[in-house]
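Report on the following structure.
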Amino acid sequence: KVRDLFILGCETGLRFIDFTRVTNEHIQEGYLTFSPKKTQSYGNNKIIIPLSDRFQKILDSNNGDVPSIEKMSITEFNKTIRSVCEKAGINKKLNRYREVGGKKVVESYFRYQEVSSHTCRRTFCTLKFLKGMPAQAIMKFSGHRTERNFLKYLKLDAELTARKYGEFF
């Protein structure tokens, strides 16, 4: 269920508090219609997201229902999704370079250790951007109000950027 909800989060760009509240009532005629909790005080904040094939596959594998996790905290969710990612082989070793007390320190970690519920929103924004969807359209789905904040969500490393935009050179 946690894996399925994580995928739904990646397909919708919703926050943890929202993708864990989605029910079948929010799905109508191939669209997810939802009011994110964080922005409810802003007035009319309803978002409408077309259902992707992956979203539909999750529904189909759950007998047409949106998977739910009763009373699971975000901490428990993150711990579980990291375990799922480790079992899935997302274990590339990475290094992080920091400066501590004027000295450069290298910290090693595995990719799965960085995965969290927030990875869903970043993944959604990055994948849609790389597919060529305009930033303003992605922002409508993700609920970002400024392009500056939206651009912080994109995780474009140097190699990915070079492959995607090489045609401009």
Side-chain angles (χ1 to χ4, degrees), residues 2-60 66-67 69 74-75 77-78 80-82 84-85 88 90 92 94-98 109-169:
V2 169
R3 183 207 60 198
D4 286 352
L5 281 171
F6 184 82
I7 293 169
L8 294 185
C10 291
E11 292 297 311
T12 61
L14 295 173
R15 294 174 183 86
F16 172 81
I17 190 71
D18 295 324
F19 70 73
T20 56
R21 291 186 314 124
V22 171
T23 65
N24 288 10
E25 296 168 0
H26 297 112
I27 299 170
Q28 299 168 1
E29 299 176 18
Y31 293 93
L32 173 67
T33 304
F34 197 80
S35 292
K37 189 170 187 145
K38 182 177 179 180
T39 57
Q40 283 177 351
S41 63
Y42 299 146
N44 185 12
N45 69 332
K46 181 173 74 171
I47 57 173
I48 301 171
I49 303 170
L51 297 186
S52 68
D53 290 340
R54 283 189 191 122
F55 194 111
Q56 191 59 53
K57 284 180 185 176
I58 299 287
L59 290 177
D60 294 344
V66 176
I69 47 175
I74 192 168
T75 304
F77 181 90
N78 289 340
T80 304
I81 198 61
R82 286 182 187 121
V84 168
C85 289
I90 302 172
K92 180 178 178 183
L94 304 169
N95 292 321
R96 180 181 300 136
Y97 301 91
R98 299 184 333 148
Y109 61 99
F110 294 101
R111 170 84 67 197
Y112 68 84
Q113 293 173 309
E114 295 288 299
V115 177
S116 71
S117 62
H118 200 66
T119 304
C120 300
R121 281 177 64 76
R122 291 184 181 276
T123 299
F124 172 83
C125 293
T126 302
L127 292 177
K128 297 302 181 206
F129 185 79
L130 290 174
K131 281 187 170 182
M133 184 182 280
Q136 277 69 25
I138 302 168
M139 289 168 57
K140 288 282 188 194
F141 296 122
S142 67
H144 287 97
R145 292 169 43 141
T146 67
E147 195 165 342
R148 181 179 182 199
N149 283 337
F150 168 74
L151 291 174
K152 292 177 188 177
Y153 269 67
L154 300 182
K155 289 293 186 181
L156 303 173
D157 64 17
E159 183 181 337
L160 185 64
T161 304
R163 277 191 267 127
K164 174 70 178 172
Y165 298 106
E167 66 189 63
F168 292 97
F169 291 84

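Reckoned from all heavy atoms, side chains included, excluding hydrogens, waters and symmetry mates.
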If you measure from [atom1] on [X] to [atom2] on [Y], what distance do you get to the nearest 0.5 Å?
X      : Y      : atom1 : atom2 : answer
Cys120 : Leu5   : SG    : CG    : 9.0 Å
Thr123 : His118 : OG1   : NE2   : 10.0 Å
Asn78  : Phe6   : CG    : CZ    : 9.0 Å
Thr12  : His26  : OG1   : NE2   : 12.0 Å
Lys131 : Ile138 : NZ    : CD1   : 11.0 Å
Leu51  : Glu29  : CG    : CD    : 11.0 Å

Given side chains that start at C-beta, do those of [X] and [Y] come closer than 4.5 Å, heavy atoms only?
X      : Y      : result
Val84  : Ile81  : yes
Arg54  : Ile58  : no
Thr23  : Val66  : no
Ser116 : Arg82  : yes
Pro67  : Leu8   : yes
Arg145 : Met139 : no
Phe141 : Met133 : yes
Phe55  : Ile49  : no

Can we say Glu114 and Arg96 salt-bridge, meaning some charged N sits less than 4.0 Å from an Asp/Glu carboxylate O?
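Looking at Glu114 and Arg96, the cut-off is met.
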
Assess whether a salt bridge exists between Arg21 and Asp18, defined as any Lys/Arg side-chain N lying under 4.0 Å from an Asp/Glu carboxylate O.
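Between Asp18 and Arg21 there is a salt bridge, with a charged N closer than 4.0 Å to a carboxylate O.
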
When the ring centroid of Phe19 is compared with that of Phe77, is the distance short of 6.0 Å?
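Yes, they do, as the ring centres are separated by less than 6.0 Å.
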
His144-Ser142 side chain donor-acceptor pair, cut-off 3.5 Å
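Yes.
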
Please report the closest heavy-atom contact between Ala135 and Phe150, naming both atoms and the distance.
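Ala135 and Phe150 have their closest heavy atoms at CB-CE2, 3.7 Å.
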
For Phe34 versus Val22, what's the shortest heavy-atom pair and its separation?
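The answer is CE1-CG2, 3.9 Å.
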
Test side-chain contact (heavy atoms from CB on, under 4.5 Å) on Ile47 and Leu14; report intermediate values, then the result.
CA-CA 10 Å; Ile47 57 173; Leu14 295 173; 3.6 Å; yes

Hey, can you tell me if Tyr112 and Phe110 have their rings parallel, tilted or perpendicular (30° and 60° cut-offs)?
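If you compare the ring of Tyr112 with that of Phe110, the planes turn out parallel.
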
Taking everything shown except [X] itself, do over 12 heavy atoms lie less than 6.0 Å from its [atom1]?
X     : atom1 : value
Asp53 : CG    : no
Arg3  : CZ    : no
Tyr31 : OH    : no

Going through the checks in order, is the side-chain contact (heavy atoms from CB on, under 4.5 Å) test met by Ile27 and Leu59?
CA-CA 11 Å; Ile27 299 170; Leu59 290 177; 3.9 Å; yes

